[in-house]
Amino acid sequence: MKKENTSKYWNEELETLPHAELEKRQLADLQEIVQFAYDHAPYYKRSFDQAGVKPSEIKTLKDIEKFPFINKTTQRDTQGVGSFLGELAAVPEEDVVFISTSSGSTGVPTMSPFTKKDFDEFQDTESRWFWQVGMRPSDRYVHALNFSLYVGGPDVIGAQNLGALCIWGGTLPSERLLFVLKTYQPTIIWTSPSYAWQLGEKALKSGIDPKKDLNIKKIIVAGELGGSIDATRNAIEELWGAEVYDFYGLSDIFGACAAMCEAKDGLHIAEDHILVETVDIHTGEVLAPGEVGELVFTTLRKHARPLIRFRTGDIGWIDNTPCSCGRTHGRIHINGRKDDMFIVSAVNVFPSDIEAVIRELPGITGEYLIRVFEKNYTCKYAVEIEKNADNTRSDAEVAAEVSAALKARIGVKPAEVVVHPDGELDTRSEHKSKRIIDERSSNKSN
């Protein structure tokens with residue numbers, strides 16, 4: 001698809017469609033995909049019949065609420081049952097051209113199959129996001145994401161289809177990636193927020209000034225919440241002298257399902273592909289748009305393995321108010337993972353809240369590690385941070401400042417703040433960084 005560089009939108013008609021018209025399209029696709037899933041996926045036929053619901057009952061978008069949820073456990077329990085693709089699949093293996101798998105960080109890895117049509121529409125959506133953040137055919141783009149079974153790997157095809165010069169970097173060692181950035185002078189890179197920060201730090205320590213010696217104008221980040229945390233995004237932008245845009249994806253659906261625009265007020269989600277609900281994390285009650293809960297997605301056009309009311313495990317909300325960029329698709333805001341949230345003194349604490357504080361404070365590197373544990377049958381948390389090498393304040397002073405800032409922002413202070421010298425906190429990674437250690441299962445007697 002060839003586009004004029006002056007066009008603001010990849011697909012103006014679709015991206016600016018009045019929401020009432022968008023909902024008409026969603027309803028038609030919803031009716032078709034629910035019927036298709038019932039007719040072709042053994043799990044959905046059994047599940048719908050047990051719940052006493054039929055696809056023909058969907059007359060409005062709200063009618064999806066009659067249907068049962070699925071989640072990661074459903075995927076694991078049905079994977080490989082009856083066939084290689086399992087009972088959630090709605091097409092034969094011969095129709096599948098690509099599969100990715102989840103990382104397995106919260107259990108057995110789950111596969112995500114694509115038909116040729118699924119895959120092509122997936123890549124056209126990626127082209128839409130790349131264009132949205134300003135990528136044009138004149139750009140040189142480094143795709144610094146894992147290509148090993150990771151659903152974000154093929155997203156580079158969306159950049160190629162747009163016309164950009166693409167460098168398939170993958171998870172290169174930092175030294176090699178910096179060589180690529182300095183030698184080929186690309187203008188855009190995609191990686192994780194933590195690695196974007198760490199790569200900039202390594203560049204400076206090796207004598208490369210990202211602002212002066214490199215040509216990166218835009219950084220796309222995904223896989224962690226940092227790109228939607230103002231303090232983290234601002235810190236990366238200052239380090240690189242580049243604009244940072246957050247993308248959001250699910251291995252269960254496709255690479256990037258949502259992306260920031262120039263307004264940087266949430267991430268536009270592809271509502272032509274995904275119907276979004278927000279539900280109470282405990283009761284499953286559907287919440288009104290704007291209320292915070294667990295995001296539930298129904299795929300509208302993915303036929304290899306439809307997902308009907310998939311509980312993502314992500315806590316957030318959807319904003320359907322008009323965006324200044326002119327796009328009409330709703331914007332999701334992610335607060336954190338349900339699995340990562342912990343409660344201290346009746347306060348819900350997300351790691352993203354802690355990160356926002358750590359990235360804003362002067363005199364520390366921005367690296368952090370959270371330990372969650374129990375003491376006297378009460379949930380507590382501790383934070384480990386690094387002090388800048390040129391910070392002359394005592395560790396006790398730094399710890400007290402961090403503790404007070406966390407108390408002011410979150411409402412509960414940590415049980416302890418441990419201060420390490422610069423570079424000695426083992427959290428740096430060339431993909432996602434491990435930030436949380438949950439010790440509660442082994443500390444019941446403390």
Side-chain angles (χ1 to χ4, degrees), residues 25-102 104 106-122 125 149 151 154 249-255 257 270-277 279 284 286 294-314:
R25 291 193 183 193
Q26 287 182 314
L27 179 58
D29 284 339
L30 179 65
Q31 290 170 329
E32 190 275 334
I33 201 68
V34 172
Q35 185 68 59
F36 185 83
Y38 182 79
D39 290 341
H40 299 282
Y43 175 83
Y44 286 117
K45 178 171 176 50
R46 183 170 67 249
S47 173
F48 294 175
D49 286 348
Q50 289 174 351
V53 292
K54 296 184 179 300
S56 59
E57 294 180 39
I58 295 184
K59 307 296 184 185
T60 70
L61 291 177
K62 192 171 177 60
D63 289 331
I64 193 63
E65 297 174 15
K66 302 174 183 177
F67 289 75
F69 295 113
I70 63 170
N71 56 23
K72 275 287 188 183
T73 300
T74 315
Q75 292 180 355
R76 295 189 186 103
D77 289 348
T78 59
Q79 185 166 279
V81 176
S83 70
F84 169 68
L85 296 174
E87 291 189 313
L88 280 176
V91 300
E93 184 180 340
E94 299 80 54
D95 291 349
V96 172
V97 300
F98 173 76
I99 62 168
S100 65
T101 69
S102 65
T106 57
V108 177
T110 55
M111 70 174 74
S112 181
F114 294 77
T115 66
K116 179 67 165 60
K117 183 173 181 289
D118 292 339
F119 191 83
D120 289 346
E121 291 191 354
F122 158 26
T125 304
L149 297 176
V151 74
L250 286 173
S251 61
D252 314 280
I253 301 179
F254 50 64
C257 305
E271 288 195 280
D272 52 316
H273 286 279
I274 299 169
L275 181 67
V276 181
E277 299 174 85
V279 303
V286 177
E294 183 177 1
L295 293 174
V296 175
F297 293 162
T298 294
T299 55
L300 297 172
R301 299 181 60 81
K302 191 176 180 186
H303 285 74
R305 187 192 62 187
L307 294 182
I308 311 299
R309 302 201 82 197
F310 176 68
R311 296 187 69 151
T312 65
D314 288 321

request  = Would you kindly say whether E32 and H303 are connected by a side-chain donor-acceptor distance under 3.5 Å?
outcome  = yes
Sequence neighbours excluded, the answer for side chain to side chain contact (heavy atoms under 4.5 Å, CB included) partners of D63 is I58, K59, T60, K66
The ring-ring contact (aromatic ring centres under 6.0 Å, His included) partners of F48 (sequence neighbours excluded) come to Y44, F67
Here the ring-ring contact (aromatic ring centres under 6.0 Å, His included) pairs for residues 75-97, sequence neighbours left out, are none
Taken in chain and number order and not counting sequence neighbours, the residues that satisfy side chain to side chain contact (heavy atoms under 4.5 Å, CB included) with A51 are V53, P68
Applying salt bridge (charged side-chain N to carboxylate O under 4.0 Å, His left out) to R301 and not counting sequence neighbours gives D29, E121
The salt bridge (charged side-chain N to carboxylate O under 4.0 Å, His left out) partners of D314 (sequence neighbours excluded) come to R337
V286 meets the side chain to side chain contact (heavy atoms under 4.5 Å, CB included) criterion, sequence neighbours left out, with E65, E277, V279, R309
So the salt bridge (charged side-chain N to carboxylate O under 4.0 Å, His left out) pairs with at least one residue in residues 81-93 (sequence neighbours excluded) are R46-E87
By ring-ring contact (aromatic ring centres under 6.0 Å, His included), F114 pairs with (sequence neighbours left out) F98, F122
L61 meets the side chain to side chain contact (heavy atoms under 4.5 Å, CB included) criterion, sequence neighbours left out, with E23, Q26, L27, L30, L275
D77 meets the salt bridge (charged side-chain N to carboxylate O under 4.0 Å, His left out) criterion, sequence neighbours left out, with none
Contacts of D252 meeting salt bridge (charged side-chain N to carboxylate O under 4.0 Å, His left out) (sequence neighbours excluded), chain-then-number -> K72
